[in-house]
**Student:** 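Dropping a structure here in C-alpha cells format, bear with me for questions.
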Amino acid sequence: MFKTFAIALIATAAAGLGAQAMAADISGAGATFPAPIYARWAETYKAATKNGLNYQPIGSGGGIKQIEAKTVDFGASDKPLKPADLAANGLMQFPMVMGGVVPVMNLPGVKPGQVKLTGPVLAQIFIGDIKTWGDPRIASLNPGVKLPNLPITVVYRSDGSGTSFVFTTFLANNSPAWAQRVGANDTVEWPTGLGGKGNDGVAAFTKQTIGSIGYVEYAFAKQNNLTYANMKNKAGQFVAPTAAAFSAAAVSADWSKAPGNYLLLLDQPGAGSWPITAATFILMQTKQDKPANGKEALAFFDWAYKNGDAAAQQLDYVPMPAPVKAMMRKQWAAQIKGADGKAVYAAK
Amino acid sequence: MTLTLDQSEPGQTTRTPKAKPRGGALDPFFEALCAASATMLLAALCGVLISRTIGGWPAFHKFGLKFFTVSSWNPVTEVYGAAGPIVGTLITSFLALLISLPVAFGVAVFLVEFCPSFLRRTIGTAVELLAGIPSIVYGMWGLFVLAPWFALHVQLPLLLAAKPGSLLEKLTTGIPNGANILTASIILAIMILPFMAAVLRDLLMTIPSQVRESAYGLGGNTVEVILSVSLPYIKRSAVGAIMLGLGRALGETMAVTFIIGNSHAFPKNLFDSGSTIASTIANEFNEATTEMHTSSLIALGLVLFMITFAVLAIARALLGRPKVA
C-alpha cells in the first residue's frame with residue numbers, strides 16, 4: 001500500500017518536473033456558495049496553464065479568518081467586509097461572481113412566479129406577523145390568484161451562510177421592525193419556523209410542508225424546479241428570478257461609489273433588477289509577503305474574468321459585467337503590492 | 001463516524017501475573033511504548049479540556065449561569081443562552097435509549113437463545129453492517145423518508161384529533177412536517193441500536209453454558225432463565241454498554257442536524273422543533289466570525305464534554321469493580 005503510494009508520488013513528481021518547474025498551488029479558502037464554480041475554473045485553468053488551485057470551502061467566516069492569518073493566498077466570503085475592517089487587516093476585496101436569493105414556497109395549485117411579494121410583506125411573513133396565505137396583505141398583491149388559506153410555515157437555513165446574510169439584510173432594509181427585532185447576519189434568532197441544513201435542507205422541508213415558504217440560492221431553486229415568488233424591485237416592477245434579472249441588478253449597481261467594494265446588490269435601481277442579488281467576494285492581502293503567490297492568484301482571477309463566464313452561466317452563476325471587471329483589474333494593479341512596494345499585478 | 005464493535009468482555013477481564021519471559025530484553029522497550037501511548041491519550045484529553053475552557057471562557061465569563069438557563073441564542077445581539085440545545089441533547093439521547101434498549105435486548109436474546117445457527121451469522125453480520133453506516137446516510141433517510149411519513153401518518157392525525165385547548169393539543173402542536181425532537185430521537189435510536197445489540201449479544205455469550213443449562217435443568221422456562229439468570233449475570237457490563245450507546249447518542253451530529261428542525265428555542269413538546277449541542281456547533285461554527293459567537297460555541301462543546309463525562313462516570317460507578325472470573 002505504502003509502496004504503491006510512494007511510487008505514485010515519485011512518478012507524479014517526476015512528471016511534473018519533466019513538464020516544467022513545479023509551481024506551488026494557489027491556495028484559497030472560504031465561502032461554500034461559489035465553491036462549485038471555483039472548482040470548475042481551477043480544473044480548466046490547470047489544463048490550460050498547468051497551475052493548480054486548491055480551494056477549501058470552509059465557510060465565509062473561516063475564509064476571513066484564514067486570510068487574516070495569511071495562511072492562504074486568498075480568502076472568499078459571501079459577506080463583504082466593511083472598509084474599516086479591510087483597512088485594519090490590510091486586505092482588499094473584489095467581487096468574483098454573482099447569484100441571487102429566491103423565496104420558494106409550497107402552495108398546492110400555485111405555479112412558479114404566480115405569487116407576487118414585496119420586501120415589506122416578505123419581512124412580515126418571516127417575522128410571524130402574517131400567519132396565513134389568506135392574509136389581505138398578500139391577497140392585495142395578488143388579485144386574481146386563488147391562494148389557499150393555509151397557515152404559513154417559515155423555513156430558514158440553520159447553518160450560518162452568506163445566503164442568510166443576504167436575505168436577512170434584504171428584510172432589514174425593507175422592514176424597520178425586522179431590523180430592530182431580528183437584524184441581519186449569517187445566522188439570526190428567527191422569530192418563527194424551523195431550520196433546514198443547507199439549501200437542500202431548506203428545499204426538503206419546503207417541499208414536505210404544505211403552506212411553507214423558505215429561501216434558497218437561485219441555482220438551487222432553478223435546478224430543483226421549486227415554486228418561486230416574483231418580487232417587487234425598487235423601480236416598482238415585479239420581476240422573476242432569472243440570470244437576466246441578476247445581471248440587470250449588477251449593471252445598475254455603481255461599484256465606483258462603493259469604498260472598498262463594499263456593495264450589496266440589494267434593491268438596485270433598474271426596471272428589470274432582481275431585488276435580492278448578491279456578489280461573492282475574494283479577499284487578498286494588500287501587502288504580499290510572497291509576491292509570487294499573489295501574482296499567481298491574480299493571474300488566475302484575471303483568467304477567470306476573461307475565460308470563465310460560460311462555465312459560470314452553465315452552473316447558474318451570473319458573471320460580473322465587463323466594466324466592473326475592468327475596474328477590479330485597475331484596483332489590483334493599484335492596491336496589491338509586494339514588500340518592496342511594487343505592484344504584483346500588471347494592468348493590461 | 002464509524003464504530004468499531006467492542007468485542008471485549010468487560011465482566012471477564014483477567015490479569016495474567018507477570019512471569020519471567022523468554023528473550024525479555026525487549027520488554028522494557030515495549031512497556032515504555034505502551035506507557036507512552038497511554039500518556040498521550042491522557043494528555044490529549046487534558047489538552048481538549050484546557051483548550052475548550054480557555055476558548056469558552058469569554059462566554060462563561062460574560063453570561064455566567066445564564067448561559068445554562070436562558071434559551072435565547074442571538075448572533076446579532078450577541079446574547080447566547082444554551083438552555084434549548086442542552087435540553088434538546090438530553091431529551092433526544094435519553095429518548096433514543098428508551099426506544100432502542102428493549103429492541104437491542106430483544107435482538108441479543110434472540111441471537112443467543114432462539115436463533116437457528118444458519119441465521120445467526122446472517123443477522124449478526126446485518127447488525128454489524130448497520131453499525132458501519134455513516135451517520136449522514138441516516139440523516140438523509142430521516143429527512144427524506146422518515147420525516148414525511150411521520151408527518152402524514154402520525155402528526156396530522158393527532159393534530160386533527162386534538163381538540164383546541166386539550167392536553168393532547170398541547171402535547172402534539174408543532175409544524176406537521178416531521179422535523180422534530182421525536183423523529184430525531186427515533187433516528188438516534190436506530191443508530192445506537194446495532195452497537196448495543198452487538199455488545200449485549202457478546203455479553204450474553206459470555207455466560208458459561210453450565211450456568212444456563214443448570215437453570216433449565218431446575219425447570220426454568222426461557223423467560224425465567226433470561227430474567228433471573230442471564231440478566232443478573234451480565235447486569236453490570238450491560239450498564240456499561242448502554243452508557244456507551246448513550247454517549248454516542250449525545251455526540252451524534254449530522255443525522256440529528258438534518259431532522260431536528262434546528263430551532264434554538266426551548267422545546268414545548270416532543271413534536272416541536274429543537275436543537276442539540278452538537279447540531280448547533282455543526283451549523284454555526286463554520287461561519288462564526290465574532291469572538292463571542294465562537295466562544296459560546298466552544299463553551300457549548302465543553303458542556304457536551306461534561307455531559308458525556310458525567311454519563312461515563314455514572315456508568316463506571318454503576319459498573320463497580322469488574323468481577324474476576
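Within every chain, numbering begins at 1; the chains are lettered A, B, ... in the order of the sequence lines, protein sequences first and strands thereafter.
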**Student:** Is atom CD of Glu291(B) surrounded by more than 12 heavy atoms (other residues, nucleotides or ligands) closer than 6.0 Å?
**Tutor:** no
**Student:** If only atom types and distance count, is the side chain of Asn177(B) paired as donor or acceptor with the main-chain N or O of Thr209(A) below 3.5 Å?
**Tutor:** no
**Student:** Please give me the minimum heavy-atom distance between Gly183(A) and Val76(B), naming the atom from each residue.
**Tutor:** CA-CG1, 4.1 Å
**Student:** Identify the two heavy atoms, one from Lys197(A) and one from Asn283(B), that lie closest to each other, and give their separation to 0.1 Å.
**Tutor:**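 So the two residues come closest at CD-OD1, 3.9 Å.
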**Student:** Taking Glu189(A) for its side chain and Val79(B) for its backbone only, find out whether a donor-acceptor pair lies under 3.5 Å.
**Tutor:** no
**Student:** Against chain B, label Val155(A) side chain, backbone, both or neither, depending on which of its atoms sit under 4.5 Å from a heavy atom there.
**Tutor:** neither
**Student:** Assess whether atom CG of Leu65(B) is packed by more than 12 heavy atoms of other residues, nucleotides or ligands within 6.0 Å.
**Tutor:**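 No, not enclosed.
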**Student:** Could you look at Lys79(A) and say if it's the side chain, the backbone, both or neither that has a heavy atom under 4.5 Å from chain B?
**Tutor:** side chain
**Student:** Identify which part of Thr153(A) has an atom lying under 4.5 Å from any heavy atom of chain B, answering side chain, backbone, both or neither.
**Tutor:** side chain
**Student:** With distance as the sole test, does Asn185(A) use its side chain to make a donor-acceptor pair with the main-chain N or O of Pro75(B) at under 3.5 Å?
**Tutor:** yes
**Student:** Is the NE2 atom of His153(B) crowded by more than 12 outside heavy atoms at less than 6.0 Å?
**Tutor:** yes
**Student:** Identify which part of Ser161(A) has an atom lying under 4.5 Å from any heavy atom of chain B, answering side chain, backbone, both or neither.
**Tutor:** backbone
**Student:** If you compare all heavy atoms of Phe205(A) against all heavy atoms of Phe258(B), which two are closest, and at what distance to 0.1 Å?
**Tutor:**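 Result for this residue pair: CZ-O, 3.4 Å.
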**Student:** In Å and rounded to the nearest 0.5 Å, what is the CE to CG distance from Met140(B) to Asp200(A)?
**Tutor:**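 It comes to 6.0 Å.
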**Student:** Against chain A, label Ser72(B) side chain, backbone, both or neither, depending on which of its atoms sit under 4.5 Å from a heavy atom there.
**Tutor:**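 For Ser72(B), backbone and side chain are both near chain A.
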**Student:** Between Trp190(A) and His264(B), does a side-chain contact (heavy atoms from CB on, under 4.5 Å) hold up when you go through it step by step?
**Tutor:** CA-CA 9 Å; Trp190(A) 297 91; His264(B) 292 310; over 6 Å; no
**Student:** Which atoms of Ala151(B) are under 4.5 Å from chain A, going by heavy atoms: the side chain, the backbone, both sets, or neither?
**Tutor:**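 For Ala151(B), there is no contact with chain A at all, as no heavy atom is under 4.5 Å.
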**Student:** Nearest 0.5 Å, what's the CG-CZ distance between Asp159(A) and Phe285(B)?
**Tutor:**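 Those atoms lie 15.0 Å apart.
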**Student:** Within the structure provided, determine whether Tyr156(A) and Ser263(B) are in side-chain contact (heavy-atom separation under 4.5 Å).
**Tutor:**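 Of all side-chain heavy-atom pairs linking Ser263(B) with Tyr156(A), at least one is under 4.5 Å.
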**Student:** Measuring from atom CD1 of Ile259(B) to atom CG of Leu194(A), what distance do you get when rounded to the nearest 0.5 angstrom?
**Tutor:** 11.0 Å
**Student:** Would you indicate whether Phe94(B), at its atom CZ, is surrounded by more than 12 heavy atoms from other residues, nucleotides or ligands within a distance under 6.0 Å?
**Tutor:** no
**Student:** Taking CD1 in Ile127(A) as the centre, count heavy atoms belonging to other residues, nucleotides or ligands within less than 6.0 Å. Is the count above 12?
**Tutor:** yes
**Student:** How close do Gln208(A) and Ala147(B) get, heavy atom to heavy atom, and via which atoms?
**Tutor:** OE1-CB, 4.1 Å
**Student:** Using a cut-off of under 4.5 Å for heavy-atom pairs, which of Ser275(B), Gly274(B), Pro176(B), Ala179(B) has the most such pairs with chain A?
**Tutor:**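 Heavy-atom pair counts peak at Ala179(B).
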